Structure formats: structure tokens, C-alpha cells
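Values in this document were obtained by computation on a predicted structure and should not be read as measured data.
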Amino acid sequence: MLNILAISGSLRAASTNSALIAALARNAPPGCRVTAYDGLGRLPIFNPDDEGERTPLDASALIDAVTRADGVIVSCPEYAHGVPGGLKNALDWLVSRDAAVAKPAMLAHASLRSLFARAAEIMRTMSFALCEEMPEIALLGKKPPEVEAILAEPANRQAMHDAVSVFVEFIRSR
């Protein structure tokens, strides 16, 4: 069983990125478990002085989850042509660890406008192994009932299933 950790870079209660992560989990192929990480808002601001024995428990939990995962899916909004501060903070907690090095990762997009965050230069710099498959489902500006309806459409369910299947093969090929 492959274990994939899915991280939404949004803290909004009605986040389209979080909804997309949940839908990817529901549409994962057999033999693959996608688990959503829910600790982004609890992470303390990264401080190198707090690494090692002083690493906060919530940061340690993130590091352990990424380390144990066979792959990571990230879906995040774009703010001012960059990733949101909460996601950047989470990635900062991983920088001096081996958790991200060569870890297979895939980006997913709930907005077709996230062109700059899509580049994922931060993750490439950290040595994540990025899968070229990037599912995109246009959810920007939609209310939760609309989001759920869009994510439930057979074509979108198939596209999510196919994207995660490609990611699973990417993980297995490494």
C-alpha cells in the first residue's frame, strides 16, 4: 500500500485547495492511501534555533509524516505570485532535513491562474522529485456546493483518478 501525504496550502475553512485534496483522496486508485495533513495552521513560525532537540512537536509531526510518506501532493493558492506563508513555513521546517530529498511530489491546482506558484521553485530547490502530472480543476470563486458538484462530475473524478495513478507510477519508478 502506497501512502501519500496531501497538503493544502490554504487555511480557509471553505478552501478549494483543501476540497481538491479531499477529492484526490476519494479518487485515488486501489493500493494507494492519500491522507490529508491538517496541521498547517498549528505550525510555529520556523526558527533555525528551534531545530534538533528543540524542534516543536507540531513541526516534528510534519517532518515525520513527510518522511514516512511515499509521496507528497501539494495544492495551494497563489498569493502575490508566490506560495502562501503557511505552506512556505511548513516547507522551511523541512529544509535542513532529508525528508524532502528525492521525495516524489505532485502539485495540484484548484485555480488555473496559479501560474507562478505552479513553478514550485521552492520544492525544486529543496530537492523534491516533482512529477510532471499536475491536475487542474477550475474551482476559483466557487461556493462549497458548486465545488462539490464540480469535483463529483464523472470527467473530473476520472481526471483526478488518472492524475493520482500517474503519480503512483512515478513513485514506483523511483
Side-chain angles (χ1 to χ4, degrees), residues 1-45 58 61-62 65-66 68-91 93-94 103-123 128 130-171:
M1 174 74 68
L2 281 179
N3 290 303
I4 297 173
L5 182 68
I7 302 171
S8 170
S10 176
L11 296 175
R12 295 183 67 190
S15 165
T16 55
N17 292 281
S18 297
L20 179 55
I21 290 289
L24 286 166
R26 288 191 303 271
N27 290 286
C32 171
R33 179 182 314 117
V34 177
T35 304
Y37 171 72
D38 66 356
L40 196 66
R42 293 188 305 272
L43 286 174
I45 295 173
D58 287 326
L62 168 66
V66 171
R68 284 191 315 269
D70 296 303
V72 176
I73 297 173
V74 173
S75 181
C76 72
E78 178 181 307
Y79 296 141
H81 293 189
V83 297
L87 179 63
K88 177 63 169 81
N89 185 50
L91 294 172
W93 279 109
L94 299 171
K103 180 69 65 175
M106 179 177 78
L107 301 173
H109 298 284
S111 169
L112 304 181
R113 295 190 323 188
S114 59
L115 299 176
F116 293 93
R118 180 181 307 180
E121 288 307 313
I122 297 166
M123 293 176 74
F128 276 97
L130 288 178
C131 178
E132 293 302 317
E133 182 71 21
M134 287 192 267
E136 297 177 325
I137 299 181
L139 302 174
L140 182 66
K142 306 294 185 203
K143 295 188 180 341
E146 295 172 296
V147 168
E148 288 307 316
I150 291 167
L151 292 172
E153 290 174 7
N156 287 333
R157 291 181 61 214
Q158 186 65 50
M160 289 182 284
H161 174 85
D162 292 348
V164 177
S165 295
V166 167
F167 186 47
V168 164
E169 291 308 313
F170 178 77
I171 293 168

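Counting all heavy atoms, side chain and backbone alike, Arg157 lies closest to Ala152 at CD-O, 3.3 Å. In plain terms, the two heavy atoms of Ala163 and Met106 that are nearest each other are O-SD, 3.8 Å. Minimum heavy-atom separation, Val72 to Phe167: O-CZ, 3.6 Å. Between Leu11 and Gly41, the shortest heavy-atom contact is CD2-N, 3.5 Å. For Leu107 against Pro135, the heavy-atom pair with the smallest separation is O-CD, 3.4 Å. Minimum heavy-atom separation, Pro29 to Val164: CD-CG1, 3.4 Å.
Looking at residues two or more places apart in sequence or on another chain, you find a side chain to side chain donor-acceptor pair (under 3.5 Å) between Asn156 and Glu153. For the side chain to side chain donor-acceptor pair (under 3.5 Å) test, residues two or more places apart in sequence or in another chain that qualify with Ser15 are Ser10, Ser18.
Side-chain contact between Cys32 and Ile4 is present, with heavy atoms from C-beta onward closer than 4.5 Å. Put simply, the side chain of Leu20 does not reach to within 4.5 Å of the side chain of Thr16, judged on heavy atoms. Between Cys131 and Val166, the closest side-chain pair of non-hydrogen atoms falls below 4.5 Å. At a threshold of 4.5 Å between non-hydrogen side-chain atoms, the residues Leu151 and Met160 count as touching. Between Pro84 and Pro77, the closest side-chain pair of non-hydrogen atoms falls below 4.5 Å.
Asn89 contributes a side-chain N or O that, together with a main-chain N or O of Pro44, makes up a donor-acceptor pair within less than 3.5 Å. One N or O on the side chain of Lys103 and one on the backbone of Val66 form a donor-acceptor pair closer than 3.5 Å.
Atom CD1 in Ile73 sits 13.5 Å away from atom CE in Met134 (nearest 0.5 Å). Rounded to the nearest 0.5 angstrom, His109 NE2 and Cys76 SG are separated by 7.0 Å.
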>> Run the side chain to side chain donor-acceptor pair (under 3.5 Å) test on Asn17 and Ser75 for me, step by step, so that the C-alpha distance in whole Å, both residues' side-chain angles and the decisive distance to 0.1 Å come before the verdict.
In response: CA-CA 5 Å; Asn17 292 281; Ser75 181; 2.8 Å; yes
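By the neighbour-count criterion of 12 heavy atoms within 6.0 Å, atom CZ of Arg26 is densely surrounded, having more than that number from other residues, nucleotides or ligands.
Among the candidates Val168, Leu5, Asn3, the single residue satisfying the side-chain contact (heavy atoms from CB on, under 4.5 Å) test with Asp70 is Asn3.
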In a table with atom names and distances, give each donor-acceptor pair under 3.5 Å that connects a side chain of residues 137-146 to protein atoms at least two apart or in another chain.
{"residue": "Glu146", "atom": "OE1", "partner": "Lys143", "partner atom": "N", "Å": "2.7"}

